[in-house]
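The chains referred to below are lettered A, B, ... by the order of the sequence lines, with proteins before strands, and numbering in each begins at 1. Worth saying up front: this structure is predicted, and the values here are computed from it rather than measured.
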Amino acid sequence: MPELPEVETIRRDLKPLVVGRRIAGVEVDPATLPRLAAVPLEELRSALVGREITSLERRGKHLVFELDCGRALVAHLRMTGRMVWRESGAATEPYERGRIVLEGGNDLRWADLRKFGTWRLVTNAQEVAANLGPEPVGPDFTMARFRAALAGRRAPVKAVLLDQRRVSGLGNIYVDEALHRAGIWPGQAAGELGPAATKRLFEACRAVLEEGIANRGTSFSDYVDGQGKEGKHQMYVKVFRRHGKPCYTCGTTIERIVVTGRGTHFCPRCQPERKSRGKRA
DNA sequence: CGTTACCTGAAA
DNA sequence: TTTCAGGTAACG
């Protein structure tokens, strides 16, 4: 569910609340634990309890709780995960699967309807970056790197944008939005994008993510921020889940197709399918 | 490379 | 009843 803007919103909400706080306990629903963490609860506890949280960072869609021992807890919310700040006495969250109890009377509540989310302990925060492409809202995201990520690929450009090893942080919502903003058909072979289209897409990726952050994320069903409140960006999307409705730019009906196994929304007029220029026998 | 599985619903 | 879901690992 959450993509870069949603995870970044949670990070910004929680960081000032958790930094400097010490972990007093860890609770996890036993039925959820095996897929949540690769280690037994006792190991999670021995790594976390008594540690102070020194920072809260984000890498791609991962939330990274840095600890005073140098290690870090890396949380990934996958489709329906939530990480919410609560008073220790507050009611159990819907679909609450675990909590990190902090000294001083607050918890981080972990809720996850579909139980796809993960917690991982790493020996240092740098490990998180392994296998992740550049941050599209950071200085590492250059035209050169973006061009290299697309070069030679026959897969749909949408598939490449979703591949976290090439660019990190984009998911289904913001990919559809970026392709619309750049005027590119989602099924277009990535390696066949011309220089102008590549540049438009490069800029569109950053722009749609920054707008998503400014609007505190997109809440279509499960996402909430660090305080449990919905984002606003669903009011501003141009194509995502707008199939059957008119394009704001040209009035043409937005279509929905399946690309790379994902529901894909686009305007057939603003994002026309182009015939491959590649040679074929 | 594309497709399926993971889990639990909500919506068509 | 069937389809779909904001993600990704594991298939073939």
Q: Compare the ring of A/Phe220 with the six-membered ring in the base of C/dA5 and state whether they stack (centres under 5.5 Å, planes under 30°).
A: no
Q: Starting from C1' on C/dA10, measure out to CZ on A/Arg78 and report it in whole angstrom.
A: 12 Å
Q. Can you name the residues that form a salt bridge (charged side-chain N to carboxylate O under 4.0 Å, His left out) with A/Arg22, not counting sequence neighbours?
A. A/Glu52, A/Asp68
Q: Applying side chain to side chain donor-acceptor pair (under 3.5 Å), name anything that partners A/Tyr236, two or more places apart in sequence or on another chain.
A: none
Expected rows: protein N/O vs nucleotides 8-12 of chain B N/O, under 3.5 Å:
from  : atom 1 : to       : atom 2 : distance (Å)
B/dT8 : OP1    : A/Lys115 : NZ     : 2.7
B/dG9 : OP1    : A/Tyr95  : OH     : 2.7

Q: Check each residue of residues 231-244 of chain A for a non-hydrogen atom within less than 4.0 Å of any atom in DNA chain C, then write out the ones that pass by number, or none.
A: A/Phe240, A/Arg241
Q | Within 45° cone and under 6.0 Å: A/Arg256 NZ/CZ vs A/Phe266 ring | A | no
(Q) List the residues meeting side chain to side chain donor-acceptor pair (under 3.5 Å) with A/Arg154, not counting sequence neighbours, and say none if there are none. (A) none
**Q.** Which residues share a ring-ring contact (aromatic ring centres under 6.0 Å, His included) with A/Phe141, sequence neighbours left out
**A.** A/Phe146, A/Phe202
**Q.** Sidechain N-carboxylate O distance under 4.0 Å for A/Arg216, A/Glu230
**A.** no
Q: Pick base, sugar-phosphate or nothing for A/Arg262, based on heavy-atom distances below 4.0 Å to the nucleic acid.
A: base
Q) Quick one: ring-ring contact (aromatic ring centres under 6.0 Å, His included) partners of A/His233, sequence neighbours excluded? A) A/Tyr174
Q.
For a 4.5 angstrom cut-off between non-hydrogen side-chain atoms, does A/Leu132 reach A/Arg165?
A. no
**Q.** OP1 or OP2 of C/dT8 under 4.0 Å from side-chain N/O of A/His76
**A.** yes
Q.
I want to check something: taking the side chain as every heavy atom from C-beta on, are A/His265 and A/Arg242 in contact at a cut-off of under 4.5 Å?
A. no
Q) Hey, any chance A/Phe220 and A/Ile254 share a hydrophobic cluster, counting ILVMFWY side chains that come within less than 4.5 Å of each other, even indirectly? A) no
Tabulate below the donor-acceptor pairs under 3.5 Å that side-chain atoms of residues 109-116 of chain A make, not counting sequence neighbours, or state none.
from     : atom 1 : to       : atom 2 : distance (Å)
A/Arg109 : NE     : A/Asp107 : OD2    : 2.9
A/Arg109 : NH1    : A/Ala91  : O      : 3.0
A/Arg109 : NH1    : A/Glu96  : OE1    : 3.2
A/Arg109 : NH2    : A/Glu87  : O      : 3.1
A/Arg109 : NH2    : A/Ser88  : O      : 3.4
A/Arg109 : NH2    : A/Ala90  : O      : 3.1
A/Arg109 : NH2    : A/Asp107 : OD2    : 3.1
A/Asp112 : OD1    : A/Thr80  : OG1    : 2.6
A/Asp112 : OD1    : A/Lys115 : N      : 3.2
A/Asp112 : OD2    : A/Phe116 : N      : 3.2
A/Asp112 : OD2    : A/Gly117 : N      : 2.8

Set out, line by line, the N/O atom pairs under 3.5 Å between protein and nucleotides 1-4 of chain C.
from  : atom 1 : to       : atom 2 : distance (Å)
C/dC4 : O3'    : A/Arg256 : NH2    : 3.3

Q.
Rounding to an integer number of angstrom, what distance separates C/dT8 and B/dG9 when you compare their P atoms?
A. 23 Å
**Q.** Atom-pair distance (CD1 on A/Ile173; P on C/dA5), nearest Å
**A.** 11 Å
Q.
Is any side-chain heavy atom of A/Leu67 closer than 4.5 Å to one of A/Thr54?
A. no
Q: Using atom CD of A/Gln164 as one end and atom C1' of C/dT8 as the other, report the distance to the nearest whole Å.
A: 9 Å
Q. If the C1' atom of C/dT1 is compared with that of B/dC6, how far apart are they to the nearest Å?
A. 22 Å
Q. Whole Å only: how far is the CG atom of A/Asp163 from the C1' atom of C/dT8?
A. 10 Å
Q: Check whether any side-chain heavy atom of A/Glu66 sits under 4.5 Å from a side-chain heavy atom of A/Asn124, and report yes or no.
A: no
Side chains of residues 37-50 of chain A: which donor-acceptor partners sit under 3.5 Å, not counting sequence neighbours?
from    : atom 1 : to      : atom 2 : distance (Å)
A/Glu42 : OE2    : A/Arg45 : NH1    : 3.2
A/Arg45 : NE     : A/Val26 : O      : 2.9
A/Arg45 : NH2    : A/Val26 : O      : 3.0
A/Arg45 : NH2    : A/Glu27 : OE1    : 3.3
A/Ser46 : OG     : A/Glu42 : O      : 3.4
A/Ser46 : OG     : A/Glu43 : O      : 3.1

Q: Flag as yes if A/Phe116 stacks onto the base of B/dC6 (centroids under 5.5 Å, planes under 30°), otherwise no.
A: yes
Q: Could you provide the dot-bracket string of DNA chain C, using ( ) for intrastrand pairs, [ ] for crossing pairs and | for bases paired to another strand, with Watson-Crick or G-U pairs below 3.5 Å?
A: |||||.||||||
Q) Nearest-Å distance, NZ (A/Lys61) to P (C/dA9)? A) 10 Å
(Q) Using the rule side chain to side chain donor-acceptor pair (under 3.5 Å), only one of A/Asn172, A/Thr260, A/Asp163 pairs with A/Lys158; which is it? (A) A/Asn172
Q. How would you label the contact of A/Pro156 with the nucleic acid (heavy atoms, under 4.0 Å): base, sugar-phosphate, or nothing?
A. sugar-phosphate
Q. Any side-chain N or O of A/Arg153 under 4.0 Å from OP1/OP2 of B/dC1?
A. yes
**Q.** Pairwise P distance for C/dC4 and B/dT3, with rounding to whole Å
**A.** 14 Å
(Q) In whole Å, I'd like the distance from the CH2 atom of A/Trp110 to the P atom of B/dC7. (A) 16 Å
Q) Should A/Arg12 and A/Asp225 count as an ion pair when the cut-off is N to O under 4.0 Å? A) no
Taking only nitrogen or oxygen atoms into account, show me every contact under 3.5 Å that the protein makes with nucleotides 3-5 of chain B, one pair per line with its distance.
none

Q) Taking atom types as modelled, is there a side-chain donor on A/Ser168 or A/Lys61 under 3.5 Å from an acceptor on the other? A) no
